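The block underneath contains the structure these notes are about, expressed in structure tokens.
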Amino acid sequence: MIKVDTIGSSQQGSPTRLVMHAGREGRDSLQLCGHLAYGQWPLVVTPGAVQSCPALAARQTGQTQPEEPIMDKVSVSDVRRAEAVGRQVRLQGWVRTRRDSKGGFSFIELNDGSCQGNVQIVAPGELPNYEAVVKHLHTGASVVVDGEVKASPAKGQATEVHATNVELLGDSPAEAYPLQKKGHTFEFLRTIAHLRPRTNTFGAVARVRHRVSKSIHDFFHEQGFFYVHTPIITASDCEGAGALFRVSTLDPEAPPKVDGKVDFAHDFFHKPAYLTVSGQLQGEAFACALGKIYTFGPTFRAENSNTPRHLAEFWMIEPEMAFFDLTDNMALAESFLKRIISDALRDCAEDMKFFAERVDKEVFTRLENVLSNPFLRVSYTEAVDILLKSGKTWEYPVAWGNDLQSEHERFLTEQHFKSPVILYDYPRTLKPFYMRVNDDGKTVRAMDVLVPGVGEIIGGSQREERLDILEGRMREQGLHPEAYNWYLDLRRYGTVPHAGFGLGLERTILFLTGMANIRDVIPFPRTPGSAEF
RNA sequence: UCCGCGAUAGCUCAACGGUAGAGCAGCCGGCUGUUAACCGGCGGGUUCCUAGUUCGAAUCUAGGUCGCGGAGCCA
């Protein structure tokens, strides 16, 4: 008997590298390390498992390996490939559906989340538990299946697994399990957010979301950026953007008071504290030291927004670059978005095909259009001219100095240009203090990237690096420069031109997948009045 | 927060002041290398809550709750 300590393995589908410490007693351990093709290694083990291991015993004693059934623990994704034919495998997953044949056997559609598709298990009537277990497998039940991968004689799949063993791990009573073998509305699935990842759509969303997250890290790493973890709790109540969630350990029933007001000097941080609405200011500090950085983390807005595009808790990516001007910033934003799209199309082909067929027929057209065309650069002033000359009647009036509304942005990107558009140089009165003032004195170096279908997906700017002008802008907006002392230090000591932007992860996933509601592209959405699960 | 729409079987919906139904799924049976399988049968309801109008309310009225869409705020 051998106690397995650790196992390392390479990517599935390629030769497997196993590192195994197998101690017979105490410190008498053996590390095996080598590149072994599938089929050579008859182990189905997990760390901590105690089991007999003839192959390892053979290695230790120099004997040849015994002949016995060879089982590789593999994913559904692996066995659906034609190359898997002939392999003996162990699969673990959840039953999607079962179809019985009076020929005396059953088909089981098995999914383990590794990919969009299921693998068809052929379970013969000869299995000892066929009548008792297999014929009562319900949607949602968890099973272990051993068997041989064979080419499928019927249409619909390249391979199927002929089971030699089917073990039920956890039943899923059909009369109670909410997920049925039929389409459900996203609205209903939101009420069972803990089960919805088991559906086609939400599995696909989760895999695309993972791929996008990885693309973000890959892209920035390759470009020489450093990932900086900016704080989630902030004690500066003056970040400007949006309503804040308060963080406090005071007793809400009886907070300490001074002069009738809550005395935050007795609170955990000795002052009022909040959940972050942006890591940008801290990001600037690190950009002004490391050159190019990005943040990627959760962000919180306490706004009472009830729309398919807003969450109270969402994930945001905020790159910040020293020695970048607005032009550099736009170029980065464009290549960044294009990279995310092309990675997803290449590496999530099956899931993207699902979205195109079942969620949004336009998704490929839209993404390919974005990939193959340069993003247009249009100044705010030009955009206002276009809107004024469009002959359209607007619910909100268009005039230089007015903020652009959803209807204006949608017109520009969806009807007028039919392409992603970067709008830049907005009136200074519309934008926050940290954006760099242009020589005209009227506009600031802001940019918004608008995409068809979603609207604003990126907002950014070149930052104001001149101390006196920055302080003036703060006062202009009713802020106290003293409260931003550390931020102003970045301009007092070795100030540099720099720029950055923010990208909403969930809005990016909406854009990529064609999903319509932001609550359906985050695992457990938090919205006003709703923090279930 | 404002405007609009909605809430009926596990799910999706119908019933438009007069006995609450269908499809799907579930259960049972039949049939089949099946694949959103198909065919037959069966069970399944506090019509969101509270109050009101009425001989009678799923239906009309008022208030509330929750959900969805549009707008604002923004990513």
Side-chain angles (χ1 to χ4, degrees), chain A residues 96-110 117-124 136 138-140 150-157 160 162 172-192 195 199-200 240-243 277-280 297-318 357-358 394-396 403-407 409-410 430-432 448-451 454-460 501-511 516-522 527-530 532:
Chain A
R96 281 289 172 81
T97 72
R98 186 194 86 247
R99 296 178 295 274
D100 298 325
S101 166
K102 259 299 183 296
F105 56 97
S106 295
F107 298 100
I108 303 166
E109 292 280 334
L110 190 74
N118 309 320
V119 65
Q120 174 165 284
I121 309 292
V122 180
H136 300 281
H138 299 117
T139 301
K150 296 191 176 180
S152 180
K155 284 181 183 171
Q157 60 278 320
E160 60 189 27
H162 288 235
S172 178
E175 64 278 8
Y177 189 55
L179 289 174
Q180 301 169 358
K181 202 164 57 173
K182 59 169 267 188
H184 285 296
T185 60
F186 293 155
E187 205 175 314
F188 169 66
L189 292 172
R190 257 170 244 154
T191 68
I192 49 168
L195 297 175
T199 64
N200 289 335
V277 294
S278 165
Q280 181 198 315
T299 306
F300 307 88
R301 302 279 165 88
E303 259 118 28
N304 192 10
S305 300
N306 293 286
T307 84
R309 298 179 309 283
H310 290 87
L311 291 165
E313 176 184 293
F314 63 99
W315 287 64
M316 188 156 65
I317 298 96
E318 295 180 288
E357 287 169 357
R358 304 283 280 272
W394 305 105
E395 189 183 342
Y396 290 86
D403 217 348
L404 297 179
Q405 305 295 319
S406 287
E407 56 172 341
E409 295 181 345
R410 291 177 68 99
L430 297 179
K431 293 293 184 182
D448 284 351
V449 180
L450 312 179
V451 293
V454 174
E456 183 183 335
I457 198 168
I458 282 178
F501 61 81
L503 171 88
L505 177 65
E506 287 76 16
R507 287 188 182 177
T508 308
I509 308 291
L510 287 180
F511 179 63
N517 195 311
I518 201 164
R519 298 160 193 143
D520 298 330
V521 295
I522 190 168
T527 54
S530 176
E532 296 304 308

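Quick caveat, the model's predicted, so the values are computed rather than measured. So you know, we letter chains A, B, ... as the sequences are listed, proteins then strands, and number each from 1.
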Per the atom types in the model, does the base of rU1(B) pair as donor or acceptor with the side chain of Glu303(A) at under 3.5 Å?
no
Heavy atoms only: give me the nearest Arg507(A)-Arg309(A) pair and the separation to one decimal.
NH2-O, 3.1 Å
Considering every strand and a 4.0 Å limit on heavy-atom distances, what is the contact class for Thr185(A): base, sugar-phosphate, or nothing?
sugar-phosphate
N-O pairing of Arg99(A) and Glu109(A) below 4.0 Å:
yes
Partner nucleotide of rU12(B) by Watson-Crick or wobble geometry (both distances under 3.5 Å)
rA22(B)
Distance, C1' atom - from rG56(B) to rC38(B), rounded to whole angstrom
45 Å
So what does Glu395(A) touch, heavy atoms closer than 4.0 Å: a base, only the sugar-phosphate, or nothing?
nothing
What interatomic distance, in whole Å, is found between P of rC16(B) and the corresponding atom of rA7(B)?
14 Å
Of all the heavy-atom pairs spanning Ile522(A) and Glu313(A), show the shortest one and how long it is.
CD1-O, 3.6 Å
Taken to the nearest whole Å, CG/Asp520(A) to C1'/rC68(B) is 12 Å
For rA58(B) versus rU46(B), give the span between their P atoms, rounded off to a whole number of Å.
14 Å
Both distances below 3.5 Å, Watson-Crick or wobble geometry, any strand: find the nucleotide opposite rG67(B).
rC5(B)
Could you work out which one of rC68(B), rC11(B), rG72(B) sits closest to the side chain of His184(A)?
rC11(B)
Do you know the tightest heavy-atom contact between Asn304(A) and Pro528(A)?
OD1-CB, 3.3 Å
How close or far is atom P of rA75(B) from atom CD1 of Ile509(A), stated in whole angstroms?
18 Å
Which of these nucleotides, rA75(B), rC68(B), rG67(B), is closest to any side-chain atom of Phe314(A)?
rA75(B)
Go ahead and name the base partner of rA51(B); Watson-Crick or wobble counts if both distances stay under 3.5 Å, otherwise write none.
rU61(B)
When you measure from the side chain of Thr191(A) to the backbone of Phe188(A), do you find a donor-acceptor pair of N or O atoms at a distance under 3.5 Å?
yes
So does Arg190(A) get a side-chain nitrogen or oxygen closer than 4.0 Å to the phosphate oxygens (OP1/OP2) of rC68(B)?
yes
With no angle test and no hydrogens, is the base of rG67(B) tied to the side chain of Glu187(A) by a donor-acceptor pair under 3.5 Å?
no
Nearest listed nucleotide, side chain of Arg507(A), among rC74(B), rC73(B), rG33(B)
rC74(B)
Does a side-chain N or O of Ser101(A) approach OP1 or OP2 of rG33(B) to a distance below 4.0 Å, or not?
yes
Let's see if you can work this out: which of rC68(B), rC73(B), rG33(B) has an atom nearest to the side-chain heavy atoms of Arg519(A)?
rC68(B)
Determine the interatomic distance between P on rG6(B) and the same-named atom on rA14(B); round to the nearest Å.
10 Å
Check for a donor-acceptor pair, side chain of Ser172(A) on one end and backbone N or O of Thr139(A) on the other, with a separation under 3.5 Å.
yes
Rounded to whole Å, please give me the gap between OH in Tyr396(A) and P in rC74(B).
13 Å
Selection from rG69(B), rU34(B), rC74(B) that lies nearest to any side-chain heavy atom of Gln120(A)
rU34(B)
By the Watson-Crick or G-U definition, both distances under 3.5 Å, rU35(B) is matched with none
If you measure from the C1' atom in rC11(B) to the same atom in rG4(B), how many Å do you get, rounded?
26 Å
Compare side-chain N and O positions of Thr307(A) against OP1 and OP2 of rG70(B) and report whether any pair is under 4.0 Å apart.
no
From the list rG26(B), rG33(B), rC73(B), which nucleotide is the closest neighbour of the side chain of Glu175(A)?
rG26(B)
Looking only at non-hydrogen atoms, find the nearest pair between Pro178(A) and His184(A) and report the distance.
O-NE2, 3.5 Å
May I ask you to verify whether the side chain of Asn306(A) and the base of rU1(B) hold a donor-acceptor pair under 3.5 Å?
yes
Please determine whether any donor N or O and acceptor N or O are separated by less than 3.5 Å between the side chain of Glu407(A) and the base of rG70(B).
no
Determine, stepwise, if the pair Val277(A) / Phe300(A) fulfils side chain to side chain contact (heavy atoms under 4.5 Å, CB included).
CA-CA 5 Å; Val277(A) 294; Phe300(A) 307 88; 5.7 Å; no
From CG of Leu195(A) across to C1' of rA25(B) the rounded distance in Å is 16 Å
Answer yes or no: side-chain N or O of Ser305(A) and base N or O of rC73(B) forming a donor-acceptor pair under 3.5 Å.
yes
Using the P atom as the reference point in each nucleotide, state the distance between rC3(B) and rA62(B) in Å, no decimals.
15 Å
Under 4.0 Å between a side-chain N/O of Gln405(A) and OP1 or OP2 of rC73(B), yes or no?
yes
Counting side-chain heavy atoms from CB outward, which of rU35(B), rC27(B), rA75(B) is closest to Glu456(A)?
rA75(B)
Measure the distance from CD1 on Ile457(A) to P on rC74(B) and round it to the nearest whole Å.
18 Å
Relative to the 5' end of RNA chain B, which residue comes earlier, Gln180(A) or Thr527(A), by the nucleotide with the nearest heavy atom?
Gln180(A)
So what does Asn517(A) hit on the nucleic acid, given a heavy-atom distance under 4.0 Å: a base, only sugar-phosphate, or nothing?
sugar-phosphate
Provide, to the nearest angstrom, the distance between the NE2 atom belonging to His162(A) and the C1' atom belonging to rU34(B).
12 Å
Would you kindly give the CZ-to-P distance between Arg309(A) and rA71(B), to the nearest whole Å?
6 Å
Which nucleotide in the set rC11(B), rU35(B), rC27(B) lies at the smallest distance from any side-chain heavy atom of Phe188(A)?
rC11(B)
Taking the minimum atom-to-atom distance to the side chain of Arg301(A), which one of rU1(B), rC73(B), rA75(B) wins?
rA75(B)
When you check the phosphate oxygens OP1 and OP2 of rC27(B), does a side-chain N or O of His138(A) lie under 4.0 Å from one of them?
yes
N/O donor-acceptor pair under 3.5 Å between Glu318(A) side chain and Gly279(A) backbone:
yes
If you measure from the P atom in rU61(B) to the same atom in rU54(B), how many Å do you get, rounded?
16 Å
With a 4.0 Å cut-off on heavy atoms, is Glu409(A) in touch with a base, just the backbone sugar-phosphate, or nothing at all?
nothing
With a non-hydrogen cut-off below 4.0 angstrom, is Ala174(A) in contact with a base, only sugar-phosphate, or nothing?
sugar-phosphate
Tell me the interatomic distance from Arg98(A), atom CZ, to rA37(B), atom P, rounded to whole angstroms.
12 Å
For rG43(B), which nucleotide in any strand shown is its Watson-Crick or wobble partner with both distances under 3.5 Å?
none
Check every atom of rG33(B), rU35(B), rC27(B) against the side chain of Glu109(A) and return the nucleotide holding the closest atom.
rU35(B)
Could you report the tightest heavy-atom contact between Ile457(A) and Leu503(A), atom names first, then the distance?
O-CD1, 3.6 Å
Pairwise P distance for rA25(B) and rA36(B), with rounding to whole Å:
12 Å
Given RNA chain B, 5'-ward residue of the pair Asn304(A) and Ile458(A), judged by closest heavy atom
Asn304(A)
May I ask you to say what Pro178(A) touches in the nucleic acid, namely base, sugar-phosphate or nothing, with a heavy-atom cut-off under 4.0 Å?
nothing
